[in-house]
Each structure stands twice: as C-alpha cells, then as structure tokens.
Peer 1: 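Dumping the structure here so I can ask a few things about it.
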Amino acid sequence: QVQVVESGGGVVQPGESLRLSCEASGRIGSNIDMGWFRLAPGQEREFVAAIRWSGGHTYYSDSVKGRFIISRENAKTTVFLQMNSLKPEDTAVYYCSASRMRNALSALRSPSSYSYWGQGTQVTVSS
C-alpha cells in the first residue's frame, strides 16, 4: 500500500510564492516518477511538473516553466513544488502523484501514467 500526502496550499496574492510538499510512503520503489497536476473548475486535470526519482531530471508544462520548481528529498521520498510569481490562473486544486515504475518520456505528462494520488491541496491566487 502506498500513501501520498500533500500539504502547503493556501491563499496568496498575485506575484507571491507558495511551496507545496508531498510525501509518498509505503511500498514504493526507487525507479519511479513523481508528478504534480492541477484541476481548476470546469477544466481537465493539467500536468504541472514531474521529476524522475532516479537521476532527478525535471519536466514542466509551458504554463509554469520559469516560475515553478520541482525538487526532491531522497531520504523521505518527498517532493516539493516551489511556486513563484503566482498568477490568478494558477488557482486550482494541486495533486501529487507517484508512478509504480519509470514512465516513458512521452507518458510523463499523462495522469494515467501515475498509480498513486494524494487528496489534493487548494491553491488560490487572488487580490
């Protein structure tokens, strides 16, 4: 059994920063990917960022590239999403996810490539 738990959401003003955390625990392997997705009202779940646990390579959606940074803490299978220069359009529920195994590069951005999901954390950017 694998558990994924996010934390760190909140309400901020445009231009401010927020840091999300996510810890995966249980029977989780070492050659996996972990990703962040977000879901805004009336929209489909959108890929935000991903990191390969082996090697630490990172990937971002065009909408957050240059503003968000995904990183990891190896000892606890924990990933972080540092969100800078936040915009109102970043408002969404953010979900952390973990795969069972390393995905093909082309599959990293697809929610179906991840088997384990957290409960989500709300991020609201509003003046």
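Note that these values count all heavy atoms, side chains included, but never hydrogens, waters or copies made by symmetry.
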Peer 1: Rounded to the nearest 0.5 Å, what's the gap from OG1 on Thr58 to CD1 on Ile69? Could you check?
Peer 2: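 Those atoms lie 9.0 Å apart.
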Peer 1: Tell me if the CD atom of Glu44 is crowded by more than 12 foreign heavy atoms within 6.0 Å.
Peer 2: no
Peer 1: Linking I/L/V/M/F/W/Y whenever any side-chain heavy atoms sit under 4.5 Å apart, do Val93 and Trp117 land together?
Peer 2: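 Linked, Val93 and Trp117 end up in one cluster.
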Peer 1: Can a side-chain donor-acceptor contact be found between Ser126 and Thr124 if the only test is distance below 3.5 angstrom?
Peer 2: no
Peer 1: Consider only side-chain heavy atoms of I, L, V, M, F, W and Y, link residues closer than 4.5 Å, and tell whether Val123 and Tyr95 are in one cluster.
Peer 2: no
Peer 1: Treat each ILVMFWY residue as a node, draw an edge where side-chain heavy atoms are under 4.5 Å apart, and state whether Ile70 and Leu39 are in one component.
Peer 2: no
Peer 1: Group every Ile, Leu, Val, Met, Phe, Trp and Tyr by side-chain heavy-atom contacts under 4.5 Å, then state whether Tyr114 and Val4 land in the same group.
Peer 2: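 Hydrophobic grouping puts Tyr114 apart from Val4.
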Peer 1: Give me the atom names and distance for the closest heavy-atom approach of Ile32 to Ile28.
Peer 2: CD1-CD1, 3.5 Å
Peer 1: Shortest non-hydrogen contact from Leu108 to Ala50?
Peer 2: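 Looking at all heavy atoms of both residues, the closest pair is CD2-CB, 4.2 Å.
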Peer 1: CZ/Arg45 to OG/Ser112 distance, rounded to the nearest 0.5 angstrom?
Peer 2: 11.5 Å
Peer 1: Between Tyr60 and Arg109, what is the shortest heavy-atom contact and its length?
Peer 2: O-NH1, 3.1 Å
Peer 1: Treating Ser97 as the side-chain partner and Gly35 as the backbone partner, does any N or O pair qualify as donor plus acceptor under 3.5 Å?
Peer 2: yes
Peer 1: May I ask you to decide if Arg38's main-chain N or O and Glu46's side chain share a donor-acceptor pair within less than 3.5 Å?
Peer 2: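 No; zero donor-acceptor contacts below 3.5 Å.
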Peer 1: Kindly work out whether a path of hydrophobic side-chain contacts (I/L/V/M/F/W/Y, heavy atoms less than 4.5 Å apart) joins Phe47 to Val64.
Peer 2: no
Peer 1: Are the side chains of Gln122 and Thr91 in contact, using a 4.5 Å heavy-atom criterion?
Peer 2: yes
Peer 1: Side chain of Arg67, backbone of Ser85: donor and acceptor closer than 3.5 Å?
Peer 2: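 Yes: the side chain of Arg67 pairs with the backbone of Ser85.
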Peer 1: Output yes when Lys65 and Asp62 qualify as a salt bridge under the 4.0 Å nitrogen-oxygen rule, no when they do not.
Peer 2: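 Yes, charged N to carboxylate O under 4.0 Å.
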Peer 1: Between Arg102 and Ser54, what is the shortest heavy-atom contact and its length?
Peer 2: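 Closest pair (atom of Arg102, atom of Ser54, distance): NH1-O, 3.4 Å.
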Peer 1: Determine whether a donor-acceptor pair (N or O, by modelled atom type, separation under 3.5 Å) exists between the side chain of Ser99 and the backbone of Asp33.
Peer 2: yes
Peer 1: Counting only heavy atoms not in Gln3, do more than 12 fall under 6.0 Å of its CD?
Peer 2: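 Counting other residues, nucleotides and ligands, CD of Gln3 stays at 12 neighbours or fewer.
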Peer 1: Atom CZ in Arg72, atom OG1 in Thr78: separation rounded to 0.5 Å?
Peer 2: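 Output value for this atom pair is 12.0 Å.
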Peer 1: Short question: side chain of Gln119, backbone of Val5 - any donor-acceptor pair under 3.5 Å?
Peer 2: no
Peer 1: Nearest 0.5 Å please: distance from the CG atom of Leu18 over to the OG1 atom of Thr121.
Peer 2: 8.0 Å
Peer 1: Answer whether the closest heavy-atom distance between the side chains of Ile51 and Met34 falls below 4.5 Å.
Peer 2: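 Counting from C-beta outward, Ile51 and Met34 do come under 4.5 Å.
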Peer 1: Would a distance-only check, ignoring hydrogens and angles, find a side-chain to backbone donor-acceptor pair under 3.5 Å from Ser113 to Asn103?
Peer 2: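 No, Ser113 side chain to Asn103 backbone: no donor-acceptor pair under 3.5 Å.
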Peer 1: Taking side chain as C-beta onward, heavy atoms only, is Val79 less than 4.5 Å from Trp53?
Peer 2: yes
Peer 1: Has the side chain of Tyr59 got a donor or acceptor atom that lies under 3.5 Å from a matching backbone atom of Val48?
Peer 2: no
Peer 1: SG of Cys22 to CD of Glu73: how many Å apart, nearest 0.5 Å?
Peer 2: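 One finds 12.0 Å between SG of Cys22 and CD of Glu73.
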Peer 1: Rounded to the nearest 0.5 Å, what separation is found between the CD atom of Gln1 and the CZ atom of Arg27?
Peer 2: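 One finds 10.5 Å between CD of Gln1 and CZ of Arg27.
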Peer 1: Could you tell me which non-hydrogen atom of Arg100 sits nearest to which non-hydrogen atom of Ser115, and how far apart they are?
Peer 2: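 Result for this residue pair: CG-OG, 3.2 Å.
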Peer 1: Looking only at non-hydrogen atoms, find the nearest pair between Ala104 and Arg52 and report the distance.
Peer 2: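 Taking Ala104 first and Arg52 second, the nearest heavy atoms are C-NH2, 3.8 Å.
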Peer 1: Sub-3.5 Å donor-acceptor pair from the side chain of Glu6 to the main-chain atoms of Cys96, do we have one?
Peer 2: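 Checked: pair present.
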